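First up is the structure itself, then whatever we jot down about it.
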Amino acid sequence: QVQLVESGGGLVQAGGSLRLSCAASGRTFSIATMGWFRQAPGKAREFVAAISRSGGSTYYEDAAKGRFTISRDNALNTVYLQMNSLKPEDTAVYYCAADRSRVLTAAEGAYDYWGQGTQVTVSS
């Protein structure tokens, strides 16, 4: 099993920045792709970004391109999501996910492990 714990959420004004972290523990050697998803109030959970095992490949949802950056530090078993130029519509609970497959995907069902989420609130 793999455990994922997110941190770094909070309240920020529009135009501000936050960096989310997700620390993995347990059978981390089984993890390949890592991803971030988010769920706004009253909406379905949606894909934000994914990163390959080596960190050399990334994949972003259109609204995240140019504003968000996903990265990982395999020595620390941690994946990050740097979020800049935040907008009120970015308000959501952000979830970290891990996939044993090497395929970068936005498909929620492909991910094997999930964190509990961290709240991000962007005020206007």
Side-chain angles (χ1 to χ4, degrees):
Q1 287 286 1
V2 172
Q3 295 76 44
L4 303 174
V5 178
E6 302 96 335
S7 62
L11 173 65
V12 64
Q13 288 187 329
S17 299
L18 281 175
R19 188 176 82 153
L20 306 182
S21 299
C22 172
S25 61
R27 298 172 63 89
T28 56
F29 61 86
S30 67
I31 296 173
T33 301
M34 297 289 293
W36 286 97
F37 290 74
R38 65 185 180 184
Q39 187 168 21
K43 295 187 177 181
R45 190 154 57 184
E46 63 178 9
F47 171 75
V48 176
I51 188 167
S52 64
R53 185 179 184 88
S54 68
S57 297
T58 56
Y59 176 34
Y60 293 93
E61 183 262 339
D62 286 346
K65 290 179 182 177
R67 297 190 300 127
F68 294 2
T69 302
I70 188 171
S71 61
R72 67 192 290 173
D73 185 332
N74 289 333
L76 297 177
N77 292 318
T78 300
V79 64
Y80 305 98
L81 185 67
Q82 176 68 43
M83 305 187 293
N84 299 326
S85 301
L86 283 161
K87 305 174 182 180
E89 50 263 44
D90 294 317
T91 295
V93 177
Y94 282 71
Y95 296 91
C96 173
D99 183 2
R100 291 172 292 181
S101 167
R102 299 187 178 204
V103 176
L104 289 182
T105 179
E108 184 177 338
Y111 289 81
D112 302 295
Y113 306 103
W114 292 84
Q116 293 300 306
T118 185
Q119 176 71 47
V120 171
T121 303
V122 184
S123 63
S124 58

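The first residue of the sequence shown is numbered 1, and numbering continues consecutively from there. Bear in mind that the values here come from a model prediction, so they are computed numbers and not experimental data.
The hydrophobic clustering, which links ILVMFWY residues whose side-chain heavy atoms are closer than 4.5 Å, places Met34 and Val2 together. Phe37 and Leu104 fall within the same hydrophobic cluster, defined by Ile, Leu, Val, Met, Phe, Trp and Tyr side-chain heavy atoms under 4.5 Å apart, directly or through other members. No continuous path of hydrophobic side-chain contacts links Tyr111 to Leu20 [ILVMFWY only; heavy atoms under 4.5 Å]. Following chains of ILVMFWY side-chain contacts shorter than 4.5 Å, one can reach Met83 starting from Val12, so the two form part of one hydrophobic cluster.
In this structure, a donor-acceptor pair under 3.5 Å is absent between the side chains of Asp73 and Thr78.
Under a 4.0 Å N-O distance rule, the pair Asp90/Lys87 does not qualify as a salt bridge.
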For side-chain contact (heavy atoms from CB on, under 4.5 Å), just list the numbers for Gln116 and Tyr95, CA-CA rounded to whole Å, side-chain angles, deciding distance to a tenth of an Å, and then say yes or no.
CA-CA 7 Å; Gln116 293 300 306; Tyr95 296 91; 6.0 Å; no
Kindly determine whether Cys96 and Val79 satisfy side-chain contact (heavy atoms from CB on, under 4.5 Å), including the steps that lead there.
CA-CA 8 Å; Cys96 173; Val79 64; 3.8 Å; yes
Does the pair Asn84 and Leu86 meet the rule for a side-chain contact (heavy atoms from CB on, under 4.5 Å), with working shown?
CA-CA 5 Å; Asn84 299 326; Leu86 283 161; over 6 Å; no
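Sorted by first then second residue, the ring pair (Phe, Tyr, Trp, His ring centres under 6.0 Å) pairs that include residues 48-94, not counting sequence neighbours, are Phe47-Tyr59.
The only member of Ile70, Ile51, Thr118 that meets side chain to side chain contact (heavy atoms under 4.5 Å, CB included) when paired with Leu81 is Ile70.
Residues Phe29 and Arg27 are in side-chain contact: their nearest non-hydrogen atoms beyond the backbone lie under 4.5 Å apart.
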